[in-house]
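In what follows, residues are counted from 1 in the order of the sequence shown.
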Amino acid sequence: LLAGAFKNLSEKEITEFVVGLFAVLSKDLTTFETHLRDFLVKMKEFSGGDSNQHLYQTEQEVEKNIRNTQDLAVPGLIGPYDPRRPENATTTTATTTTT
């Protein structure tokens with residue numbers, strides 16, 4: 001079934017991918033994502049205008065949060081009205097006025 005869908009891959013590559021999927025099922029999510037990324041790169045589907053940034057979105061968000069936490073730990077590095085500060089985060093709260 002997969003060999004018919006991915007004609008640009010050899011039978012050996014598809015077999016390695018499927019066997020690898022079952023091998024990483026019992027491991028963590030990061031190992032699974034890495035295995036899936038490797039397969040997608042082999043397919044060469046991301047040539048041209050396709051972007052593969054969504055594959056790395058989780059890691060980028062974690063790195064950004066770590067950087068922000070580190071920056072907030074240094075007094076004076078982040079301004080008091082910087083949106084990265086938790087107290088300045090934009091939240092929508094309903095305010096009511098009474099007359």
| said: Grouping I, L, V, M, F, W and Y whenever their side-chain heavy atoms are under 4.5 Å apart, do I14 and V19 come out in a common cluster? | reply: no
| message | Would a single hydrophobic cluster contain both L72 and I66, if residues Ile, Leu, Val, Met, Phe, Trp and Tyr are joined by side-chain heavy-atom contacts under 4.5 Å? | response | no
| request: Could you grab the distance from atom CD of E87 to atom OH of Y81, nearest 0.5 Å is fine? | output: 10.5 Å
| note | Hits for side chain to side chain donor-acceptor pair (under 3.5 Å) against T31, two or more places apart or cross-chain, chain-then-number order -> D28
| field | Euclidean distance, E63 CD relative to T58 OG1, rounded to 0.5 Å | value | 11.0 Å
| request: Grab the two heavy atoms, one from I78 and one from R84, that are nearest each other, plus how far apart they are. | output: CD1-NH2, 2.9 Å
| remark: To the nearest 0.5 Å, atom CG of L36 lies from atom CZ of F39 at 8.0 Å
